[in-house]
Amino acid sequence: MINSDDFQDEIGNNHIATSAENPIRKDAFELTDDQKIELIKKDVQSILLTLGMDLNDDSMKGTPNRVAKMFVKEIFGGLNPSKKPGASTFDNNYKYGEMLVEKNITLYSTCEHHLLPIIGRAHIAYISSGRVVGLSKMNRIVDYYAKRPQVQERLTMQIVQELQKVLGTEDVACVIDAKHLCVNSRGIRDIESSTVTSEFCGKFKEESTRREFLDYIKLETKF
């Protein structure tokens, strides 16, 4: 019988998602950002001391504080709902009825299993049902959901679900092509492989519409 630690390692090493939502506790926002930074700073300091680093060295002295601020303010900032981007929509007055594609959106996220970077590109498309959204808002939605401990499948779905909600349409698609440093820099250390995930909804489930979108993006992403 497999023990709990081995089972958890198996999930993490195989990058298996266990929930469709990010596993966030109900009390996650009771502490202020400054309080979180102070606590994380002490934890990072403890990790570095345990590893044998000299934190009196000028190069290392500020590292715990820098890492704590980076975690809270930057790479995990998408955990805070107050930072969710507003996505104003507008009437499709010009009656554009074809798909709109925003491709090669730069994506930086963090694998929730090893806390190592996920680096890649997101490609999004939608067909208006009467509303349109500013192009930069699509990038901001990708960035918001990427800035949290993630699995790529969940991230792909969250981007689509948010755009469906904003635009009031089922006709949304997203493809993400990304490198996972937990695969590239550790474990199997395969530096060439990337992971592709997709979510096709509404009209994008139709072969002809899906194929048109995929022809636009061609998945020739360079990292």
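Throughout, numbering of the chain's residues begins at 1 and tracks the sequence.
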- [ ] Please indicate whether Lys137 has more than 12 foreign heavy atoms, meaning atoms of other residues, nucleotides or ligands, lying under 6.0 Å from its NZ.
- [x] yes
Open item on the list: Go through it in stages, so that I can follow the logic: the residues are Leu100 and Val132, the test is side chain to side chain contact (heavy atoms under 4.5 Å, CB included), and I'd like the CA-CA distance, side-chain angles, deciding distance and then a yes or no.
Closed with: CA-CA 9 Å; Leu100 185 146; Val132 295; over 6 Å; no
Show the nearest heavy-atom pair for residues [X] and [Y], with the distance to one decimal.
X: Val101; Y: Phe213; result: CG1-CE1, 4.0 Å
X: Gly134; Y: Phe90; result: N-CE1, 4.3 Å
X: Leu155; Y: Ala146; result: CD1-N, 3.6 Å
X: Val183; Y: Ser193; result: CG1-OG, 3.9 Å
X: Tyr126; Y: Ser128; result: CD1-N, 3.8 Å
X: His123; Y: Asn104; result: ND1-N, 3.0 Å

TODO: Mark yes or no for whether Glu102, through its side chain, and Asn139, through its backbone, hold a donor-acceptor pair below 3.5 Å.
DONE: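 Such a contact is absent between Glu102 side chain and Asn139 backbone.
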Just to verify, what does [X] make a side-chain contact (heavy atoms from CB on, under 4.5 Å) with, not counting sequence neighbours?
X: Thr169; result: Ser129, Leu167, Asp171, Val172
X: Lys73; result: Asp33, Ile37
X: Asp27; result: Arg25, Glu30

TODO: State, without any angle test, whether Thr63 and Arg66 hold a side-chain donor-acceptor pair at a distance under 3.5 Å.
DONE: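 The criterion, which ignores hydrogens and geometry beyond distance, is satisfied for Arg66 and Thr63.
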Task: Test item: side-chain donor near acceptor, Ser82 and Asn80, under 3.5 Å - done: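 There is such a pair between these side chains.
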As an exercise, state the distance from [atom1] of [X] to [atom2] of [Y], rounded to the nearest 0.5 Å.
X: Phe76; Y: Glu112; atom1: CZ; atom2: CD; result: 10.0 Å
X: Asp177; Y: Ser198; atom1: CG; atom2: OG; result: 11.0 Å
X: Arg211; Y: Glu206; atom1: CZ; atom2: CD; result: 14.5 Å
X: Glu98; Y: Glu212; atom1: CD; atom2: CD; result: 6.5 Å
X: Cys174; Y: Gln158; atom1: SG; atom2: CD; result: 11.0 Å
X: Ile127; Y: Lys203; atom1: CD1; atom2: NZ; result: 5.5 Å

Does [X] share a hydrophobic cluster with [Y], counting links as ILVMFWY side-chain heavy atoms below 4.5 Å and allowing steps through other members?
X: Leu135; Y: Leu163; value: yes
X: Phe29; Y: Tyr144; value: no
X: Phe71; Y: Leu79; value: yes
X: Tyr96; Y: Val133; value: yes
X: Ile75; Y: Ile176; value: no

Task: Results of side-chain hydrogen bond (donor to acceptor under 3.5 Å, both in side chains) for Gln152 - residues two or more places apart only - done: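 Counting only residues at least two positions away or on another chain, Gln152 forms a side-chain hydrogen bond (donor to acceptor under 3.5 Å, both in side chains) with His180, Thr197.
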Would you mind reporting whether [Y] and [X] have side-chain heavy atoms less than 4.5 Å apart?
X: Tyr108; Y: Pro117; value: no
X: Asn184; Y: Arg189; value: no
X: Lys83; Y: Lys147; value: no
X: Cys182; Y: His113; value: no
X: Glu162; Y: Lys84; value: yes

- [ ] For side-chain hydrogen bond (donor to acceptor under 3.5 Å, both in side chains), just list the numbers for Arg121 and Thr106, CA-CA rounded to whole Å, side-chain angles, deciding distance to a tenth of an Å, and then say yes or no.
- [x] CA-CA 5 Å; Arg121 305 280 183 177; Thr106 302; 2.8 Å; yes
Open item on the list: Does Ile118 form a side chain to side chain contact (heavy atoms under 4.5 Å, CB included) with Lys179? I'd like the steps, not just the answer.
Closed with: CA-CA 6 Å; Ile118 300 170; Lys179 285 184 175 291; over 6 Å; no
TODO: Give the C-alpha distance, both sets of side-chain angles, the deciding distance and a yes or no for side chain to side chain contact (heavy atoms under 4.5 Å, CB included) between Val175 and Phe200.
DONE: CA-CA 9 Å; Val175 172; Phe200 302 109; 4.0 Å; yes
TODO: Apply salt bridge (Lys or Arg N to Asp or Glu O under 4.0 Å) to the pair Arg140 and Asp143, showing each step before the final yes or no.
DONE: CA-CA 5 Å; Arg140 293 182 191 281; Asp143 190 58; over 6 Å; no
TODO: Considering only Ile, Leu, Val, Met, Phe, Trp and Tyr, and joining two whenever side-chain heavy atoms are under 4.5 Å apart, list the other residues clustered with Leu39.
DONE: Leu31
Would you be so kind as to tabulate the donor-acceptor pairs closer than 3.5 Å made by side chains of residues 42-56, with sequence neighbours excluded?
from	atom 1	to	atom 2	distance (Å)
Thr50	OG1	Ser46	O	2.8
Asp54	OD1	Asn56	N	2.9

